[in-house]
Amino acid sequence: MEIDPLIFRLSIFILSIFVGYYVVWSVTPSLHTPLMSVTNAISSVIIVGAIIAGLSANSDSVFNVSSIFGFLAVALAAINIFGGFLVTQRMLAMYKKKKKDKQ
Amino acid sequence: MISANLSAIFYLVSGVLFILALRGLSSPETSRQGNLFGILGMIIAITVTFLSIGNFSTGFIFVLIFVLVGGSIGAFIAYRIPMTAMPELVAGFHSLVGLAAVFVAISAFLNPQAFNLGTPGNIKLGSLIEMSIGAAVGAITFSGSVIAFFKLQGIMSGSPIIFKGQHPLNAIILISIVVLIYLLCSTQSSNLFWILLACSFLIGFLLIIPIGGADMPVVISMLNSYSGWAAAGIGFTLENTALIITGALVGSSGAILSYIMCKGMNRSFFNVILGGFGATEDAKDNSTKEQRPVKSGNADDAAFLMKNASSVIIVPGYGMAVAQAQHALREMVDTLKKNDIKVSYAIHPVAGRMPGHMNVLLAEANVPYDEVFELEEINNDFANADVAFVIGANDVTNPVAKTDPQSPIFGMPILDVEKCKSVLFVKRSLSPGYAGIDNDLFYKENTLMLFADAKKMTEDITKNLQI
């Protein structure tokens, strides 16, 4: 009997939870705010679903109810992707070490 | 058009890049590179999606337009947002992830052929379960984050909103969500799908309104976690590895942050979620409390104390963010350093309105991160320091947490500010903090209260130091 592909996806999911657990515990507490903004950005990879939804209409009409929801989701996810990564970049650029010549 | 196997491998690659993005955050030096990995992962995922659909007709143009519109809004916000508003921003972004998950789920429910999930009214059972869970969690994330956003923005009062029968009502709605998912999967009725969404939006709203302002660090972390689980639910529906990996990462990340925040307050997760903390109980003992004497001083006294110190520890809190005092504070510290005074910063895990909030504000004010310490790293140093400068923090310094088992904050780890030779406490008035309890520190022999706006006081002290 063949194994249902769902089981493979479930395995990836469970293992990723463990990877996430160990990776996130190693994040330094001073970077917890950038951690939140970057997780925000990467969870917007949901845009792949939104793109599929947006392109789901048949060739003679671009818009149907389903594709409109897709387009809206694309826009929402794009706000998050650009906003999330850029604000993270902006924050991380501010973390500086003490200058050596000082003191 | 690329094959399904090839695109699956690329999705895996982008999932791994997302892991590396989080891994980079283990130190500030590697973090910027980590962020680039994240961006690369996102570009790969989006490109592969376009290539695997292989439809570059008008629809493709529209997708690009919406990406550009959303992207410009996002970029604009990212550059304009003041660092003090990060908690609101993150709450707002969470709501967008939640809503995007809901929209994708709706789209997949209405047009399952596009996702290879069957036909309307005859969607594969597994996919339908995954889809409805993803949609429900997404809806909860959306409405919950909107409420969190309103509370943080001040559009809605930060105090808990409590009414009779709140918990039973929430329980009923949660149970009906589970029942609805079951019925939806057995009947495939679209009406049930809409009712499910409505119930989920409602429960997200109801879950967050009873939670008070200072518990926001837990709420934001929790919603962060939810947005991850929503993404994972959609990932299972779409059979997309990148989404499943990311959802799991984000879900566990948010869960860990919630745990750290709860530990920082010595409260259980359920205690926070059930809400209402600090809202009711404390009005009664205010009357019985005798007026105790406090010593108050001005900027001149504070400058004198600090000038004669050899080491100073700064304890910032949410009040510093409200007063936007971080830059003024840095200037004060610069003046102190010119006088050869050793200065370090002590950050409590729940200082501010989100995890790491104070660290970002200090970084914004150009404070080097190796002068900023976490509670465990610095707590023993208070006994050897000459002056503790508490600016905008309150409950996290309250010695009652160690001495009075009756206190609502008993057992909460606190910064041992009272062990310092002298304590300068910048505060607008003697009013109790968020937890509604009086701070014993105000009445200690070695405490000097500085009643003023945090920013104004800090600037005045700097002036006096420079004389």
Atom [atom1] of [X] and atom [atom2] of [Y]: how far apart are they, to the nearest 0.5 Å?
X      : Y      : atom1 : atom2 : result
A/Y95  : B/L362 : OH    : CG    : 8.5 Å
B/Q113 : A/S66  : CD    : OG    : 9.0 Å
A/I52  : B/F50  : CD1   : CZ    : 10.5 Å

Flag the one option from [options] with the top tally of heavy-atom pairs under 4.5 Å to chain A.
options                       : value
B/I65, B/I46, B/I347, B/L257  : B/L257
B/I39, B/V367, B/L110, B/T237 : B/I39
B/L89, B/D340, B/L249, B/L22  : B/L22
B/R23, B/E29, B/R32           : B/R32
B/N240, B/N224, B/L12         : B/N224
B/T241, B/I260, B/I77         : B/I260

Exercise. At a heavy-atom separation under 4.5 Å, does A/V38 approach chain B through its side chain, its backbone, both, or neither?
Worked result: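 The side chain, not the backbone.
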
Exercise. Non-hydrogen atoms of chain B under 4.5 Å away: do they reach the side chain of A/L72, the backbone, both or neither?
Worked result: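 For A/L72, the contact with chain B is made by backbone and side chain together.
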
Proximity breakdown for [X] and chain A, heavy-atom pairs closer than 4.5 Å:
X      : answer
B/L238 : side chain
B/I106 : side chain
B/L17  : neither
B/F37  : neither
B/V372 : neither
B/I234 : side chain
B/S221 : both
B/S107 : both
B/A101 : both
B/Y79  : both
B/E364 : both
B/S253 : both
B/V69  : neither
B/I245 : both

Exercise. Any side-chain donor-acceptor pair under 3.5 Å between A/S26 and B/S26?
Worked result: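 No, B/S26 and A/S26 have no side-chain donor paired with an acceptor closer than 3.5 Å.
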
Report the option among [options] that has the most heavy-atom pairs separated by less than 4.5 Å from atoms of chain B.
options                    : result
A/L10, A/I14, A/I47, A/V48 : A/V48
A/L86, A/L15, A/I17        : A/I17
A/I81, A/L6, A/V45, A/L35  : A/V45
A/L92, A/V24, A/L76        : A/L92
A/Y22, A/F8, A/W25, A/F18  : A/W25

Indicate the atoms forming the closest heavy-atom contact of [X] with [Y], along with that distance.
X      : Y      : answer
B/F66  : A/A78  : O-CB, 4.3 Å
B/A231 : A/I46  : CA-CD1, 4.2 Å
B/E374 : A/S30  : OE2-N, 3.9 Å
A/T33  : B/H357 : OG1-N, 3.3 Å
A/Y21  : B/I256 : O-CD1, 3.4 Å
B/F60  : A/L55  : N-CD2, 3.4 Å

For this session: Compute the centroid of each ring, for B/F76 and then for A/F82, and state whether the two points are separated by less than 6.0 Å.
Result: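 Not close enough - the centres of the two rings lie 6.0 Å or further apart.
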
For this session: Determine, step by step, whether B/V90 and A/N40 satisfy the side chain to side chain contact (heavy atoms under 4.5 Å, CB included) criterion, reporting the C-alpha distance in whole Å, the side-chain angles of both residues, the deciding distance to 0.1 Å, and the verdict.
Result: CA-CA 8 Å; B/V90 169; A/N40 221 314; 3.9 Å; yes

Exercise. Taking everything shown except B/K342 itself, do over 12 heavy atoms lie less than 6.0 Å from its NZ?
Worked result: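 It does not: B/K342 NZ has 12 such atoms or fewer within range.
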
For this session: Please say whether more than 12 non-hydrogen atoms of neighbouring residues, nucleotides or ligands are located less than 6.0 Å from OH in B/Y369.
Result: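 Check passes, neighbour count above 12.
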
Using atom types as modelled and distance alone, determine if a side-chain donor or acceptor of [X] lies under 3.5 Å from a backbone N or O of [Y].
X     : Y      : value
A/T39 : B/V250 : no
A/N80 : B/F93  : yes
B/N35 : A/F85  : yes

Exercise. Between B/M86 and A/M36, is a side chain to side chain contact (heavy atoms under 4.5 Å, CB included) present by the stated rule, with each step listed?
Worked result: CA-CA 10 Å; B/M86 277 317 288; A/M36 298 199 88; over 6 Å; no

Exercise. According to the salt bridge (charged side-chain N to carboxylate O under 4.0 Å, His left out) rule, which pairs have a member within residues 3-30 of chain A, sequence neighbours left out?
Worked result: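 Salt bridge (charged side-chain N to carboxylate O under 4.0 Å, His left out) check on residues 3-30 of chain A returns A/R9-B/E239.
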
Exercise. Relative to each other, are the rings of A/F13 and B/F236 parallel, tilted or perpendicular (30° and 60° limits)?
Worked result: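 It falls in the perpendicular class, over 60°.
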
Problem set entry | Residues which pass side chain to side chain contact (heavy atoms under 4.5 Å, CB included) with A/S11, listed by chain and number, not counting sequence neighbours |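 In terms of side chain to side chain contact (heavy atoms under 4.5 Å, CB included), with neighbours along the sequence ignored, A/S11 is linked to A/I7.
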
For this session: Go through A/H32 and B/L25 one step at a time and tell me if the side chain to side chain contact (heavy atoms under 4.5 Å, CB included) criterion holds.
Result: CA-CA 9 Å; A/H32 276 163; B/L25 290 169; over 6 Å; no

